[in-house]
Amino acid sequence: MRIAIASGKGGTGKTTVAASLARMVSARREDVTYLDCDVEEPNGHLFLRPDWDEVTPVHVPVPEVDAGTCTGCGECRAICQYRAISIIKRRVLLFPELCHGCGGCVRVCPVGAIREVGREVGEVRRGMSGALHHVQGLLHVGEAMSPPVIRAARAAVTGDGVVLIDAPPGTSCPVITAIRDTDFVLLVTEPTPFGLHDLALALDMVQALGIPHAVVVNRHDTDNDTARRFCAGRGVEILTEIPDDRAVAEAYARGMLPVERFREYRTLFSILWARIMVRGAGEVVA
Amino acid sequence: MKEIVILSGKGGTGKTSLVGAFAALARGAVLADCDVDAADLHLLLQPTIRQTHLFRGGKQAAVRAPACTGCGTCLEVCRFGAVRRVAPEREGVRFVAAVDPVACEGCGVCAWFCPAEAIRFDEVVNGEWYESDTRFGTLVHARLGVAEENSGKLVSAVRNRARAIAEATGAELVLVDGSPGIGCPVIASIAGADLVLVVTEPTLSGEHDLERVLALTRHFGIRTMVCVNKADLHPEMAARIEARADRDGYAFAGTLPYDAVVTGAQKEGLTLPEYSDGAFVEGVRTLWARVLEYAHKDGTGGMGGARVASSSAS
């Protein structure tokens, strides 16, 4: 069962929710993986502190041209949609950081002068934190395209255990890559105009993808029912409300999860987990 | 003309609230919201849209089912798993191909190699961008379509327009609200800018993400300042971030406390200086004065030491 935790707006508490659930659920079962797909800025390891066992580089295929064979005909430049190939005085000039790895140039070359080589754009780390499996994708600084690293991180998790995916913020290709083909998406928001505006975009996104979903409201304050009204209006269920609590924010600043510090949050996240299981998989928690 | 980009690495550090405040203090700057994935600045500035432009960031493949012979070439050549088989509505073919627009990367390889020329490969609209009037000057902003790609190109479109407006009107400042992270839209929002201000917070995540943003601006050789919001959440860490910025050669713009006034202003749809004249806003004024002074100071400080690399990535 793959559950993605996403948000639209950054800083709403995605990692707090994903890591708290991972910590709680891994105390009960052995097959839980926390999968950090926020590969531009992964943070889960700061809270879960895994021991890394394995680091695997992520490569994307990019062309390499054999200058001796190349005739400078320009077919490769013509097929490339990403402006990664240019031809100057019948010599090919490559811009590998613009390449999406579609392989079109290799196929189209009439003289077989192009082969593909791997260019490293990031890495996937695997480790354990107690009984919890931890997998993290990490984009190298200066690289623009995170989806290949997200795909590699997702591919590193096998089996049918529970996978909690910490998704990147936003609503475009990185998030889509992280949440596609998951069983359930939990959208974390905060009851502010920015939070709800971005939640609306995130809801459009999960609805376009057709994935079952529900909302967690973080930094809830009892006088403020804007999130409730918003979710009622959109017909989406709120699974839990996490109170606006300065003690939680201060613990978070120091790398501590609320489920580690405060008993009441263990109860809150247990209930949240039971609700996710019922809605996401029709499975009742043991 | 100076272009200042506000970034954060981590989301939720208060970047957009500060950009709104700076817009109010700067008066007459051209504003650009380059957080095109989840743009929020307009909620503070309530723009009146003057012009709407369609954004065409790339092409997309689409199979013309009646022309498809079910040969399977497109399935074989697509690297992105975007082509699937669907049942044909006519006799004589095993299946017809269909392209999933969300998975399609817009490479066009399927269309190029389709022997029946049954795949269209046309420009698609990925979003819109706008030129608007606000009470503090022109705002260029955008909306990326749901589940769309090419956010980097849309960021470039927004920035280019904002700069062109500044040049045409003689505005001295372009103020850019960037997106979180360090990937494609962030790189597109900082390339060639005069100054980046990173807004961080004293949390383990904030500190970790700051390091990666600083490595990015260093990689592209862009002068960078650092400020810490919500500093009293963890004062020792706020001090540590400041000390490290000093040590590594970044100008430190200041600290701001955790203050409910930020959310209060947001709920009213106001920028901070319009909403309050309390201590927090005084702090913002001081911080903004330092940023402006630094932006106009010549020199190569703020590059984060000597490791300045040039790069052609965009």
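Throughout, a chain's letter reflects where its sequence line sits, starting with A, and its residues are numbered from 1.
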Using heavy-atom distances under 4.5 Å, tell me whether [X] contacts chain B through its side chain, its backbone, both, or neither.
{"X": "A:Ile79", "answer": "both"}
{"X": "A:Thr192", "answer": "both"}
{"X": "A:Pro148", "answer": "neither"}
{"X": "A:Ala202", "answer": "neither"}

Does any backbone or side-chain atom of [X] lie under 4.5 Å from a heavy atom of chain A? Answer side chain, backbone, both or neither.
{"X": "B:Pro202", "result": "backbone"}
{"X": "B:Asp232", "result": "both"}
{"X": "B:Glu236", "result": "side chain"}
{"X": "B:Val77", "result": "both"}
{"X": "B:Ser151", "result": "side chain"}
{"X": "B:Lys59", "result": "side chain"}
{"X": "B:Ala39", "result": "backbone"}
{"X": "B:Leu144", "result": "side chain"}

Sort out for me which of [options] touches chain B most, counting heavy-atom pairs under 4.5 Å.
{"options": "A:Thr177, A:Thr12, A:Val108, A:Asn224", "answer": "A:Val108"}
{"options": "A:Ala253, A:Pro96, A:Pro42", "answer": "A:Ala253"}
{"options": "A:Glu41, A:Gln207, A:Arg151, A:Gln81", "answer": "A:Glu41"}
{"options": "A:Gly170, A:Gly11, A:Pro193, A:Ala249", "answer": "A:Pro193"}
{"options": "A:Arg254, A:Glu250, A:Met145", "answer": "A:Arg254"}
{"options": "A:Pro169, A:Pro61, A:Gly101", "answer": "A:Gly101"}

Heavy-atom pair count under 4.5 Å with chain A, highest-scoring of [options]:
{"options": "B:Val186, B:Asp209, B:Leu204", "value": "B:Asp209"}
{"options": "B:Leu216, B:Val109, B:Leu43", "value": "B:Leu43"}
{"options": "B:Glu201, B:Glu207, B:His208", "value": "B:His208"}
{"options": "B:Arg212, B:Lys10, B:Arg143", "value": "B:Arg212"}
{"options": "B:Gly106, B:Gly108, B:Cys78", "value": "B:Gly106"}

Practice task
Would you indicate whether the side-chain heavy atoms of A:Asn218 and A:Thr16 approach each other to under 4.5 Å?
Solution key: no
Side chain of [X], backbone of [Y]: donor and acceptor closer than 3.5 Å?
{"X": "A:Asp38", "Y": "A:Asp166", "answer": "no"}
{"X": "A:Arg49", "Y": "A:Phe47", "answer": "yes"}
{"X": "B:Arg159", "Y": "B:Ala188", "answer": "yes"}
{"X": "B:Lys15", "Y": "B:Gly178", "answer": "yes"}
{"X": "B:Asp37", "Y": "A:Thr171", "answer": "yes"}
{"X": "B:Gln60", "Y": "B:Pro101", "answer": "yes"}
{"X": "B:Lys153", "Y": "B:Gly57", "answer": "yes"}
{"X": "A:Asp36", "Y": "A:Asn43", "answer": "yes"}

Problem - CG on B:Leu154 to OG on B:Ser189, rounded to 0.5 Å - result: 12.0 Å
Completion exercise
CG (A:Leu48) and CG (A:Leu257) are apart, to the nearest 0.5 Å, by 6.0 Å
Practice task
Please determine, by modelled atom types, if B:Asp40 and A:His197 share a side-chain donor-acceptor pair under 3.5 angstrom.
Solution key: yes
Problem - Parallel, tilted or perpendicular: ring planes of A:His100 versus A:Tyr82, cut at 30 and 60 degrees - result: parallel
Exercise for the section: Return the orientation label for the A:His134 and A:Trp52 ring planes: parallel under 30°, perpendicular over 60°, tilted otherwise. Expected result: perpendicular
Problem - Carboxylate-amine/guanidinium proximity below 4.0 Å for A:Glu241 and A:Arg228 - result: yes
Problem - Working for salt bridge (charged side-chain N to carboxylate O under 4.0 Å, His left out), residues A:Arg234 and A:Asp204 - result: CA-CA 10 Å; A:Arg234 287 286 302 240; A:Asp204 292 343; 3.0 Å; yes
Completion exercise
The single option from A:Leu93, A:Ile87, A:Val92 that satisfies side-chain contact (heavy atoms from CB on, under 4.5 Å) with A:Arg77 is A:Ile87
Practice task
For chain A, find its close neighbours in residues 255-264 of chain B: heavy-atom separation under 4.5 Å, sorted by number, or none.
Solution key: B:Tyr258, B:Thr263
